[in-house]
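Chain naming here is simple, since letters A, B, ... match the order of the sequence lines and numbering starts at 1 in each.
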Amino acid sequence: MNCNSTAPHIHQQWCDRPVEIVAPELIGCTLVRQLANGDQLRGMIVETEAYGPDDPACHGYRGRTPRTEVMFGPAGVAYVYLIYGMYHCFNVVTDQENIASAVLIRALELEALPQWVPDKKRKQPHRIAAGPGKLCQVLQIDRTLSDRPLIPSEALWLEHRSPTTQQKFADNSWRLCQTTRVGLSKGVDTPWRWYLEGSSCISKP
DNA sequence: CTCACGATTGGA
DNA sequence: CCAATCGTGAGC
């Protein structure tokens with residue numbers, strides 16, 4: 001029996017706002033992965049990036065394609081894609097239908113280390129989900145989860161900041177940093193990356 | 001059909 | 001610095 005309280009889950013309506021508003025507010029929220037074998041993996045979001053309409057770095061910028069169709073759909077849905085032929089990236093679709101936008105989740109602080117993590121990676125346990133490809137690896141997120149609504153009856157969903165976390169932002173003991181985005185060739189000057197200041201779990205400190 | 005490339009990562 | 005590795009999407 002787990003007696004820890006869990007925050008309410010995030011609804012479509014909360015995600016149905018401009019991506020640059022949702023992205024910083026997702027910091028401190030929890031991403032939950034329910035595996036078929038019953039295991040549940042949980043991590044607090046500590047780094048995000050926004051991708052929106054009129055943004056040349058956004059996959060949806062040049063119009064609808066089979067892969068990016070989901071970005072044009074309703075908010076609160078997962079957009080997962082394969083990058084460099086070997087890693088997946090997980091995004092939360094935002095804003096109204098027909099507006100291509102999503103928040104890339106770039107790093108998590110895991111609540112607990114999964115048992116199956118190889119010894120090699122246990123040397124730096126806080127770095128296991130520090131990066132968009134790495135967090136998808138550890139949470140076993142791939143494209144089969146793309147286009148799925150992020151609700152608790154599915155394999156993947158989001159929970160709001162806990163009261164404790166909310167208080168840390170409120171009293172300024174936790175703060176957000178805002179910078180330009182990582183790894184792009186277009187839209188390099190748009191300051192749409194946010195991370196939890198001082199976190200040891202972000203992808204690029 | 002062909003082909004250049006990528007919202008990455010780990011290792012030399 | 002560089003290779004790994006393959007789906008995507010643009011061009012022909």
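The Leu104(A) side chain lies nearest to dA7(B) when the options are dA7(B), dA4(C), dG7(C). Checking dG6(B), dG11(B), dT5(C) against the side-chain heavy atoms of Met86(A) singles out dT5(C) as nearest.
Side-chain contact between Gln40(A) and Val32(A) is present, with heavy atoms from C-beta onward closer than 4.5 Å.
Checking Arg143(A) against Tyr87(A), the closest nucleotide of DNA chain C that is more toward the 5' end is the one next to Tyr87(A). Between Gln137(A) and Leu184(A), the one whose closest nucleotide on DNA chain B sits nearer the 5' end is Leu184(A).
Dashed line: the shortest gap from a side-chain N or O of Lys134(A) to OP1 or OP2 of dG10(B) is under 4.0 Å. Between dA7(B) and Arg193(A), no contact under 4.0 Å exists linking OP1 or OP2 to a side-chain N or O.
Here CD of Gln96(A) is found 13.5 Å from SG of Cys15(A). Values are rounded to the nearest 0.5 Å. Annotation: the span from Thr48(A) atom OG1 to Gln178(A) atom CD amounts to 9.5 Å, rounded to 0.5 Å. Note that CD of Gln167(A) and OG of Ser173(A) are 7.5 Å apart. Values are rounded to the nearest 0.5 Å. To the nearest 0.5 angstrom, Ile45(A) atom CD1 is 7.0 Å from Phe90(A) atom CZ.
The distance from atom OH of Tyr84(A) to atom C1' of dG6(B) is 4 Å, rounded to the nearest whole Å. The interatomic distance linking Arg127(A) (CZ) with dG11(B) (P) rounds to 14 Å, in whole Å. One atom, NZ of Lys204(A), and another, P of dA7(B), lie 12 Å apart when rounded to the nearest Å. For Leu135(A) and dA7(B), the CG to P distance is 16 Å, given to the nearest whole Å. In this structure, the NZ atom of Lys120(A) is 15 Å from the P atom of dT9(B), given to the nearest Å.
Follow the hydrophobic side-chain contacts under 4.5 Å out from Tyr81(A) and you reach Val93(A) in the same cluster. Cluster annotation: Leu156(A) and Ile10(A) are assigned to the same hydrophobic cluster (Ile/Leu/Val/Met/Phe/Trp/Tyr, side-chain heavy-atom contacts under 4.5 Å, transitive). Placement of Val103(A) and Phe72(A) in two distinct hydrophobic clusters is found when ILVMFWY residues are connected by side-chain heavy-atom separations under 4.5 Å, directly or transitively.
Not a single donor-acceptor pair under 3.5 Å links the side chain of Gln140(A) to the backbone N or O of Leu35(A).
Contact annotation for Lys121(A): backbone-only contact, meaning every heavy-atom pair under 4.0 Å involves sugar-phosphate atoms and none involves a base. Note on Gly85(A): a base of the nucleic acid sits closer than 4.0 angstrom, heavy atoms only.
Annotation: dT2(B) and dT5(C) have their P atoms spaced 22 Å apart (nearest Å).
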>> Can you give me the dot-bracket string for DNA chain B, 5' to 3', counting Watson-Crick and G-U wobble pairs with both distances under 3.5 Å, using [ ] for crossing pairs and | for partners on another strand?
In response: ||||||.||||.
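Near DNA chain B, meaning a heavy atom under 4.0 Å away, the residues from residues 58-83 of chain A are His59(A), Met71(A), Tyr81(A), Ile83(A).
The aromatic ring of Tyr51(A) is stacked on the base of dA7(B), with the two ring centres less than 5.5 Å apart and the planes inclined by under 30°.
Ion pairing between a basic and an acidic side chain is recognised when a charged N comes within 4.0 Å of a carboxylate O; Glu49(A) and Arg181(A) show no such pairing.
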